[in-house]
Amino acid sequence: MSFLYPWFLFALSALAIPLAIHLFDFRNSKTIYFTNVKFLKQVVLQVNKGLKIKHLLVLIARMLFLLFLVLTFAQPIINTNNSKVYPSEVVSSVYVDNSLSMQGETAEGDLLQTSVKVAEGIATKANFNSKFQFLDNTFSSSDQLVISKDKLKDRLTELTLSNESRSANEIFDKQKHNLTRTSNNAKANLFWISDFQKSNFYDINTLKLDSNQQLNLMPLATSKQNNVFVDSVWLSNPFLMQSESNELVIKIFNSGDEPIEDFKIKFFIDNVPVSSAVVSILAGQYTLAKINFSISSVSTKLCMLAIEDQPITFDNNYYFVLHATPSINIVSIGDNPNRAIEKVFANESFFKMNAFGFNTIDYGKLKTAQLIVIEGVDKINNLLWDYLNKHISNGGTLLLIPSASATTSTTKLIYQKHLGFKPTMVENAGLSPAISMDKPDIKNPFFSNIFESIKDNLDLPTAKALITNLPGSKILELKNEVPLLTEVTKGTGRIFLLATELEDSYTTLYKHALFVPIMYKIATKSISSQQQLAFSLNQNIVNLFIDNQTYTDLFTLENGNKNYVPEQKIVGNSLMIYLPKEQLDAGYYYLKHKNDTVETFALNYDKAESKLQYYSTTELKEIFSNQKNVKVFEGKSSDKVIMQMTEQEQGIALWKYCLILSLLFLAVEVVLIRWL
């Protein structure tokens, strides 16, 4: 046991005062004469004996009152096994989580307010000359300085929610870096006040501390976990045409502990309510809602899905932008008589199809094409390859289909020279039996918004592969695991490679129902940079389509009255913007060059913040069970957390018990004098 203020123990000398009063009787005696004192003497003896006992009890009660009163001011403390008392010169780093999930409610207010109370309690309980470093999710450079306890309290009054979120290792590394720069003491006392959301602290089990580092985890739990948010949206028909009906598919998630019935979603276009949907969602599950709509013009449409959900409100609005599908220019080059590619794209008005033979190519059309299809790779000359390379570098899409009549050596040379891989050609492929295609994997991102499910007994096409080792990600595959269609990303462009020729003797793919949606998907990927409905603030880079004209000035982002000049880079027809996340909020942004709007896009908050799964106190203790210098606090209120923190840093305080005992013995003294 130790004392916070041991100099108060000098006051124990006051115990000599009641003792001196008891030992020395300062009253003057007075003699009274009686005629017969035989019986009176016996009575006097009995009274004196009772008085001695009473005076002794009063003395004991009085001295104990003074003893515990002095101990109350000296503040005795029992040092616990987990106590780590740091000298006042050690700088403590206090991290307060101010991510958006800290909107969750507790009995004392929202989580952020409770966190501030805990941080203020840390400062209040510290010694007068203690030094601190403050840290929140913004990692502000101004917070690297060492500050006093009063300055820490002032800084906490300025704390607001931020759309930034940090992982455990990011926080730990930042605290170590700041302490190393400003303190020569090797010891570190770290405090983390957070809801410990699993989506952000996914790496907390990899955290390793040195023996001279003390980490104090202060998890704050919400009184009720409840949040509904829009996860993503897409169009059932990727082609959005003026005055034609389309369907918006909404993936909405319930991350709460209870199911939700009859939940309403409102759909706005250009701030005008268009339609709504009502859904029911199981706890911890998602559902798909569908809304039919149409647009009356080809202009850019600012769209929003709005829900009403408490207490987490930052994700109640989901922003996205709809662009009417522009005409997709497609050029098909080949001498294939069945013209399967031309027939696919001739059915829709927004496809502008141009077909040429290898000897009749209009190279001017190639410059404006989004998708180029080559049927007969062996016939591509150097001039055509120059155009194709420029097309890919500008973000275009290329579909290459081999020819069975080509020589093996010529085909190998072209693939190796221009695509960088050595194909394995199948000799006499026409004589080999056709292999049935395997069922497409609907989890492949390529098939998103195409298939919801595929029947197991679906009659699939067959093919004879001319090439057995196509590079890139597999889209279609034969039963013998030979890739039939793959996708290769090259810069901002992409190349689709087919392993067979589109002829009856080699495949039935082009006659199958799967062929049309697959070709449509390849075509839409050629303008995918224009079709992304929304971006997330957790993305470091946003790619936006721009035309190929020369831009002399920097692009700016405009959102209401705010203007930003982000870090940027032009690659072909794509503008890469590095998002200054700490400065941005969810909403619509206009990409401007000088005073002209080049593109409009939408940003939404990171959905990881909307998922209300937290590490419990028990889970945190299990994670750090082998690290004795990590303390996990328990407590449903800020006062309980602060009390536990005080006990760890200073031990178990006994002054309250001393005060109670002091008052108790004062009451005993009164009772003895009054009634005994």
Subject >> Nearest atoms (heavy-atom pairs only) where Phe253 meets Gly284 >> reply: CZ-O, 3.8 Å
Subject >> Distance-minimising heavy-atom pair for Gln568 and Phe555 >> reply: OE1-N, 2.7 Å
Original post:
Does the side-chain contact (heavy atoms from CB on, under 4.5 Å) test come out yes or no for Leu366 and Ile333, once each step is laid out?
Top reply: CA-CA 10 Å; Leu366 295 183; Ile333 302 174; 4.1 Å; yes
**OP:** State whether a side-chain donor-acceptor pair under 3.5 Å links Asn292 with Ser275.
**Re:** no
Original post:
Is Asp504 salt-bridged to Lys511, going by a charged N under 4.0 Å from an acidic O?
Top reply: yes
Subject >> Lys474 NZ: over 12 foreign heavy atoms closer than 6.0 Å >> reply: yes
Original post:
Do Lys417 and Asn382 have side chains that get closer than 4.5 Å, going by heavy atoms?
Top reply: yes
**OP:** Could you tell me whether the side chain of Val344 reaches within less than 4.5 Å of the side chain of Tyr520, counting heavy atoms only?
**Re:** yes
Subject >> Side-chain heavy atoms of Leu485 within contact of Leu509, under 4.5 Å >> reply: no
**OP:** Measure the spacing between CZ of Phe345 and CG of Asn354 and express it to the nearest 0.5 Å.
**Re:** 13.0 Å
**OP:** Could you go through the side-chain contact (heavy atoms from CB on, under 4.5 Å) check for Leu371 and Phe496 one step at a time?
**Re:** CA-CA 10 Å; Leu371 171 63; Phe496 291 90; 5.8 Å; no
Subject >> Phe314 and Asn163, any side-chain heavy atoms less than 4.5 Å apart >> reply: no
Subject >> Least distance between heavy atoms, Ile372 atom then Ile374 atom >> reply: CG2-CD1, 3.9 Å
**OP:** Give the C-alpha distance, both sets of side-chain angles, the deciding distance and a yes or no for side-chain hydrogen bond (donor to acceptor under 3.5 Å, both in side chains) between Ser403 and Ser405.
**Re:** CA-CA 5 Å; Ser403 173; Ser405 61; 2.9 Å; yes
Subject >> Single hit among Leu400, Leu399, Leu498 for side-chain contact (heavy atoms from CB on, under 4.5 Å) with Val373 >> reply: Leu399
Original post:
Are the charged groups of Lys581 and Asp606 less than 4.0 angstrom apart, N to O?
Top reply: no
**OP:** Carefully, step by step, assess Met437 and Leu514 under the rule side-chain contact (heavy atoms from CB on, under 4.5 Å).
**Re:** CA-CA 11 Å; Met437 193 182 79; Leu514 288 174; 3.6 Å; yes
**OP:** For Asn137 and Ser162, test the side chains for any donor-to-acceptor distance below 3.5 angstrom and give the result as yes or no.
**Re:** no
Original post:
Are the side chains of Lys352 and Thr368 in touch, meaning some heavy atoms are under 4.5 Å apart?
Top reply: no
Original post:
Under a 4.5 Å cut-off applied to non-hydrogen side-chain atoms, are Leu302 and Phe268 in contact?
Top reply: no
Original post:
If you measure from CD1 on Ile467 to CG on Leu484, what distance do you get to the nearest 0.5 Å?
Top reply: 11.0 Å
Original post:
Which heavy atom of Leu466 sits nearest a heavy atom of Ala429, and at what distance?
Top reply: CD2-CB, 3.6 Å
Original post:
Any luck finding a side-chain donor-acceptor pair between Glu609 and Asn200 under 3.5 Å?
Top reply: yes
Original post:
Rounded to the nearest 0.5 Å, what separation is found between the CG atom of Leu584 and the CG atom of Asn559?
Top reply: 8.0 Å
Subject >> Lys301, NZ: over 12 other non-hydrogen atoms inside 6.0 angstrom >> reply: yes
Subject >> Distance, nearest 0.5 Å, that separates CG of Leu240 from CG of Leu248 >> reply: 10.0 Å
**OP:** Say whether Asn538 and Ser536, considering side chains only, have a donor N or O and an acceptor N or O under 3.5 Å apart.
**Re:** yes
Original post:
Counting heavy atoms not belonging to Lys439, are there more than 12 under 6.0 Å from its NZ?
Top reply: yes
**OP:** Please confirm whether the backbone N or O of Pro471 pairs with a side-chain atom of Thr486, one donor and one acceptor, at under 3.5 Å?
**Re:** yes
Subject >> Over all atoms of both residues, closest heavy-atom pair of Asp315 and Ile307 >> reply: O-CD1, 4.4 Å
Original post:
From Lys464 NZ over to Thr508 OG1, what is the distance, rounded to the nearest 0.5 angstrom?
Top reply: 11.0 Å
Original post:
Counting heavy atoms not belonging to Asn359, are there more than 12 under 6.0 Å from its CG?
Top reply: no
**OP:** Ignoring hydrogens and angles, tell me if any N or O in the side chain of Asp203 forms a donor-acceptor pair with the backbone of Asn169 under 3.5 Å.
**Re:** yes
Original post:
Would you find more than 12 non-hydrogen atoms of other residues, nucleotides or ligands less than 6.0 Å from Lys198 atom NZ?
Top reply: yes
Original post:
Quick one: are Ile295 and Phe293 in side-chain contact, heavy atoms under 4.5 Å?
Top reply: yes
Subject >> Check: Thr462 main-chain N/O paired with Thr507 side-chain donor or acceptor under 3.5 Å >> reply: yes
Subject >> Closest heavy-atom pair and its distance - Ser199, Lys611 >> reply: OG-O, 4.4 Å
Original post:
Is a donor on one side and an acceptor on the other found under 3.5 Å between the side chain of Asn381 and the backbone of Leu383?
Top reply: yes
**OP:** Look at atom OH of Tyr286 and say whether more than 12 heavy atoms of other residues, nucleotides or ligands are closer to it than 6.0 Å.
**Re:** no
Subject >> Expected output: side-chain Glu582 to main-chain Phe139 donor-acceptor under 3.5 Å >> reply: no
Original post:
Okay, side chain of Glu501, backbone of Pro402: is any donor-acceptor separation there less than 3.5 Å?
Top reply: no
Subject >> Under 3.5 Å: donor-acceptor pair, side chain of Ser393, backbone of Asn389 >> reply: yes
Original post:
Side chains of Ile341 and Leu502: does their closest heavy-atom pair fall under 4.5 Å?
Top reply: yes
Original post:
Can any side-chain N or O of His391 pair as donor or acceptor with the backbone N or O of Lys367 at less than 3.5 Å?
Top reply: no
Original post:
Is a donor on one side and an acceptor on the other found under 3.5 Å between the side chain of Asn604 and the backbone of Tyr319?
Top reply: yes
Original post:
side-chain contact (heavy atoms from CB on, under 4.5 Å) between Leu591 and Tyr589: does it pass, once the steps are laid out?
Top reply: CA-CA 6 Å; Leu591 178 69; Tyr589 287 82; over 6 Å; no
Original post:
Between the side chain of Asn444 and the main-chain N/O of Phe446, is any donor-acceptor distance below 3.5 Å?
Top reply: yes
Original post:
What distance do Leu470 atom CG and Leu497 atom CG have between them, rounded to the nearest 0.5 Å?
Top reply: 5.5 Å
